[in-house]
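Working notes, beginning with the structure itself.
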Amino acid sequence: MTVAAIMQPTYLPWAGYLAMIEKVDIFVFLDSVQFARRSWQQRNRIKSANGELMLTVPVHRKGLRDQKIQNVRIEREAGFANKHIAAIDMNYRGSAAFDAASPELYTILSNGHEKLCDLSLDVIGWLMVKLGCNTPTVRSSQLAATGKKDALLLSICREIGADTYLSAPASREYLDASQCFPGSGVEIEYHQYDHPVYPQLHGAFISSLSAIDMLFNCGSSFRQTLLSGLPR
C-alpha cells in the first residue's frame, strides 16, 4: 500500500501538517491550483506575551486574482523578513531550542525568495529535518496530472502510484460526495491529529500555532511531542 497526502504549501505550518507528512509514503505540495488570499498559504500564528500573533507574508496581488500558488510573488518592499525575525526573536528568546534553531530559520527567512511557495517549502523542508522526517515530496506543478478538484487529486494519486489518499478532515464532506474516487482503486482515509499540550512561554497554553512554537519550546523532544498527537 502506498499512502499519499496532497496539500497546499503553508507558511510556518502547524504541527498537524508536519504529522501528515510524516505519516505518508509520499507528500505532494499542491502548488498548481489557485492561490487563496488571507489563508494559511501566506500566514500563520506564533505566541506572544499578549496572546496570538499573526505573521503574514505580503504578496503582489493587483490584477492577479486568479494566479496559481506556484506563481505568487512576495512583496519584498514591505520588509516582512526583518519584521518576522524581530517578532520571533522577541517572543521566543530564552526557549529551550531558540539558540540552536533560530539562526537556521532566520537564514531561510532572509534568503531573498522571490516567490512565496519557494519560501514556504524551504521552511517546511527545514522543519522536516528538525523532525527527522524523510518522507519524499514533490510539487504538483512538476507532475503531468490534470483535472480540477477531486479529479485532480485522483490524477495525482495515479501518477505517483498511490492507492490510498490521506485527506485533511475538513475535506470529508467534499470528498464523500466525490464522483471520481469510488471505483477508482484509490481509497480515501482521513488524517487524525490530537494536538498535544506542552510547556510554552507566556502563560496559558495555546493550541495549533505554527510548529516553530513547539520546536522552540520542546527542543530535543520536538519529534516525540509532535508525533504524540497521532493515533496510537
Side-chain angles (χ1 to χ4, degrees), residues 5 7-24 27 29 39-57 80-81 83-111 116-117 119-137 166-170 190-232:
M7 292 286 290
Q8 292 93 338
T10 296
Y11 179 63
L12 296 174
W14 76 299
Y17 188 103
L18 295 174
M20 178 182 272
I21 299 178
E22 172 69 22
K23 190 175 179 180
V24 299
F27 189 91
F29 295 109
S39 71
W40 300 122
Q41 293 166 26
Q42 71 175 122
R43 63 184 185 177
N44 226 308
R45 304 171 304 144
I46 63 170
K47 188 178 181 184
S48 75
N50 298 314
E52 297 178 6
L53 176 64
M54 188 73 76
L55 300 183
T56 302
V57 181
F80 87 94
K83 294 176 183 177
H84 289 196
I85 289 171
I88 293 168
D89 205 80
M90 177 182 296
N91 292 297
Y92 289 101
R93 182 167 295 280
S95 58
F98 179 83
D99 289 340
S102 61
E104 299 168 347
L105 176 58
Y106 294 171
T107 296
I108 295 172
L109 295 179
S110 303
N111 205 28
L116 174 64
C117 189
L119 169 63
S120 295
L121 294 189
D122 278 355
V123 172
I124 292 170
W126 170 72
L127 284 168
M128 288 174 64
V129 171
K130 290 300 183 184
L131 184 62
C133 174
N134 300 311
T135 301
T137 64
L166 183 67
S167 171
Y190 293 96
H191 180 52
Q192 298 179 45
Y193 191 74
D194 185 11
H195 200 288
V197 176
Y198 54 88
Q200 288 177 332
L201 300 178
H202 313 306
F205 181 78
I206 299 177
S207 180
S208 303
L209 301 171
S210 165
I212 66 170
D213 182 88
M214 185 184 293
L215 170 61
F216 286 142
N217 284 302
C218 294
S220 60
S221 63
F222 175 51
R223 178 178 175 84
Q224 178 183 356
T225 303
L226 189 146
L227 297 185
S228 69
L230 291 171
R232 298 186 181 278

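Any value given below was found using the heavy atoms of this structure, including those in side chains, with hydrogens, waters and symmetry copies removed.
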Considering non-hydrogen atoms only, spot the tightest contact between [X] and [Y] and give its length.
X      : Y      : answer
Ser228 : Thr225 : OG-O, 2.6 Å
Tyr193 : Pro196 : OH-CD, 3.4 Å
Asp213 : Tyr92  : OD1-OH, 2.7 Å
Ala15  : Ala211 : N-CB, 4.0 Å
Ala101 : Trp126 : O-CZ2, 3.5 Å
Thr56  : His84  : O-NE2, 3.1 Å

Show your working on side-chain contact (heavy atoms from CB on, under 4.5 Å) between Ile88 and Tyr106 and close with a plain yes or no. CA-CA 9 Å; Ile88 293 168; Tyr106 294 171; 3.5 Å; yes
Whether [X] side chain and [Y] backbone form a donor-acceptor pair below 3.5 Å:
X      : Y      : value
Lys47  : Gly203 : yes
His191 : Ala19  : no
Asn91  : Ala87  : yes

Does Tyr17 reach the side chain of Leu127, with side-chain heavy atoms less than 4.5 Å apart? no
Would Ile108 and Leu119 count as a side-chain contact (heavy atoms from CB on, under 4.5 Å) if you check the C-alpha gap in whole Å, the side-chain angles of each, and the deciding distance to 0.1 Å? CA-CA 7 Å; Ile108 295 172; Leu119 169 63; 4.2 Å; yes
Which distance, rounded to the nearest 0.5 Å, do you find between the [atom1] of [X] and the [atom2] of [Y]?
X      : Y      : atom1 : atom2 : value
Arg45  : Leu53  : CZ    : CG    : 11.0 Å
Met214 : His195 : CE    : NE2   : 4.5 Å
Leu121 : Met128 : CG    : CE    : 10.5 Å
Tyr11  : Leu109 : OH    : CG    : 4.5 Å
Leu12  : Trp40  : CG    : CH2   : 11.0 Å
Ile21  : Ile124 : CD1   : CD1   : 5.5 Å

Verify whether the ring centers belonging to Tyr198 and Phe205 lie closer than 6.0 Å.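 When the ring centroids of Tyr198 and Phe205 are compared, they turn out to be within the sub-6.0 Å range.
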Please determine whether side-chain contact (heavy atoms from CB on, under 4.5 Å) holds for the pair Ile85 and Ser110, giving the CA-CA distance in whole Å, both sets of side-chain angles, and the decisive distance to 0.1 Å. CA-CA 9 Å; Ile85 289 171; Ser110 303; 3.2 Å; yes
Taking everything shown except Glu104 itself, do over 12 heavy atoms lie less than 6.0 Å from its CD? yes
Passing option when Ile46 is tested against Leu209, Ile212, Ile206 for side-chain contact (heavy atoms from CB on, under 4.5 Å):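 Filter result, single survivor: Ile212.
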